[in-house]
Amino acid sequence: MGWWRIGADALAGSRFVVSPLAETVAALKVLHAGRAGHFGERAWVAEHLPAYRARLAAEPLDGLLVRAAISPTWNADFLTPTPLGDGERCFEEEVEAVRATGRAAALADLEVALAGPVPEPLASAPDLPGRLAELLAWVWRETVLPEWARRRRVMEADVTARTARLARDGWAAALDELCPGRTRWLGDGRLQVNARDHPPRSVEGGRLLLVPVTPATGWVSWDASREGEERYAIVYPCAGVLADGAGPVVPQALGALLGTARAGVLVRLESPLSTSQLVALTGQGLGSVGRHLKVLRDAGLVRRGRAGRSVLYAWTEAGAVLVRAQRGRS
């Protein structure tokens, strides 16, 4: 079991970071697996997997490199550089950390991922970091960038929900549920970060970064190359309900009664959500969502409550009865 000791200073200085590169690496891992990790990815995988496979067929060395860099037990470190944490960077800025990796360091990272020597022709290939950076740029440009605005809204909604959980229940609860099945708060300042048998690491004095991605994957990384400026990142999947682009089905009769858009807001409130989360989930504008919530509150179907700094909306008893009755009829 791999775990980190996280001090109070590291927790106090921690922050959520949206990373276009981390989202692109997560997308690459989905394409590498060749299957969707959750329902919301199915259409995306079906659309982009053929082009990705054609790209690798045209560049067989890229296929060998990806298979070596994405191991079942460990990612090659130069594939997953730790974000700087000093504000959001664009993809082109972030991918330079991959491109700038030295050849010897890249080969060493691949040996760790493979748990053995790097095979030919990879071992003698020039500029593996540059080759991987170009593949990541292709994944970003062709598969992630066209829907980056939606993905970003989902990540921002997830951060809002987790920040509310943090304010309500504290760090132990917030960290415990980041990556179900992988992360677990062990108590006494210890956080399990994976199920692998790796030596513990101390995050005392370092910066802890929490990085959401929309695919159902995650990993950890760190950069301790500069003393006093150590950074540790936990890349985690957005909550499934937020990542599922399809969302719940709006019963036809409920849509006719309230209007499809307003009913779409109502059916999603079985669990409390913020306005920004509803914007991400429905694709509607902030003003439209706000107007729907006011009408639903005035009708007694939705209530509003506060969790820390977040305002969350959820069904009233009348709202629950209405939605469940219409689902039953459907």
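The structure presented is a predicted model; accordingly, all values stated were derived computationally and were not measured. No hydrogens, no waters, no symmetry mates; every other heavy atom, side chains included, goes into these values.
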Side-chain donor/acceptor of [X] to backbone N/O of [Y], under 3.5 Å:
X    : Y    : value
S274 : V311 : no
T24  : W140 : no
R303 : Y313 : no
Y236 : L175 : no
T260 : A256 : no
D109 : F78  : yes

Can you say whether the rings of W138 and Y52 are parallel (under 30°), tilted (30 to 60°) or perpendicular (over 60°)? tilted
Are side-chain heavy atoms of [X] and [Y] found at a separation under 4.5 Å?
X    : Y    : answer
P200 : R5   : no
L28  : I70  : yes
V45  : R35  : no
T275 : L293 : yes
L322 : L266 : yes
Y232 : V193 : no
L65  : R131 : yes
V112 : D77  : no

List in chain and number order the residues that pass side chain to side chain donor-acceptor pair (under 3.5 Å) with [X], two or more places apart in sequence or in another chain; answer none if no residue qualifies.
X    : result
R207 : none
E120 : S124
H292 : R262, Q284
R153 : none

Linked, directly or transitively: [X] and [Y] (ILVMFWY side chains, under 4.5 Å):
X    : Y    : value
L84  : V17  : no
V144 : L31  : yes
W315 : V265 : yes
I6   : F16  : yes
M155 : V30  : yes

With rounding to the nearest 0.5 Å, note down the distance linking [atom1] in [X] to [atom2] in [Y].
X    : Y    : atom1 : atom2 : answer
E92  : L21  : CD    : CG    : 10.5 Å
L273 : L278 : CG    : CG    : 5.0 Å
L312 : L269 : CG    : CG    : 10.0 Å
L257 : Q252 : CG    : CD    : 12.5 Å
L128 : T101 : CG    : OG1   : 10.5 Å
S14  : I234 : OG    : CD1   : 9.5 Å

Looking at every non-hydrogen atom in both residues, tell me the closest pair between [X] and [Y] and how far apart they are.
X    : Y    : result
P212 : D158 : CB-OD2, 4.3 Å
L114 : P119 : CD1-CD, 3.8 Å
A68  : L122 : CB-CD1, 3.8 Å
L210 : W171 : CD1-CZ3, 4.0 Å
V250 : G264 : CG2-CA, 3.7 Å
A318 : G300 : CB-O, 3.7 Å

Assess the residue pair L79 and L136 against the criterion (side chain to side chain contact (heavy atoms under 4.5 Å, CB included)); give the C-alpha distance rounded to whole Å, side-chain angles, the decisive distance to 0.1 Å, and a yes or no. CA-CA 9 Å; L79 171 65; L136 287 168; 4.1 Å; yes
Salt-bridge present ([X], [Y]; N to O < 4.0 Å):
X    : Y    : answer
E96  : R89  : no
E230 : R201 : no
R55  : E59  : no

For L145 and F91: C-alpha separation, side-chain torsions, deciding distance, then whether side chain to side chain contact (heavy atoms under 4.5 Å, CB included) applies. CA-CA 10 Å; L145 181 59; F91 172 83; over 6 Å; no
Those residues at least two apart in sequence (or on a different chain) that pass salt bridge (charged side-chain N to carboxylate O under 4.0 Å, His left out) with R151 are E23, E147
The criterion is salt bridge (charged side-chain N to carboxylate O under 4.0 Å, His left out); which residues satisfy it with R304, sequence neighbours excluded? none
Trace of the side chain to side chain contact (heavy atoms under 4.5 Å, CB included) decision for L209 with R15: CA-CA 5 Å; L209 307 175; R15 60 173 299 177; 3.7 Å; yes
When you look at V267 and R327, which way does the side chain to side chain contact (heavy atoms under 4.5 Å, CB included) test go after all the steps? CA-CA 10 Å; V267 297; R327 283 177 177 171; 4.2 Å; yes
Applying side-chain contact (heavy atoms from CB on, under 4.5 Å) between C238 and each of V159, V213, V154, report the one that passes. V154
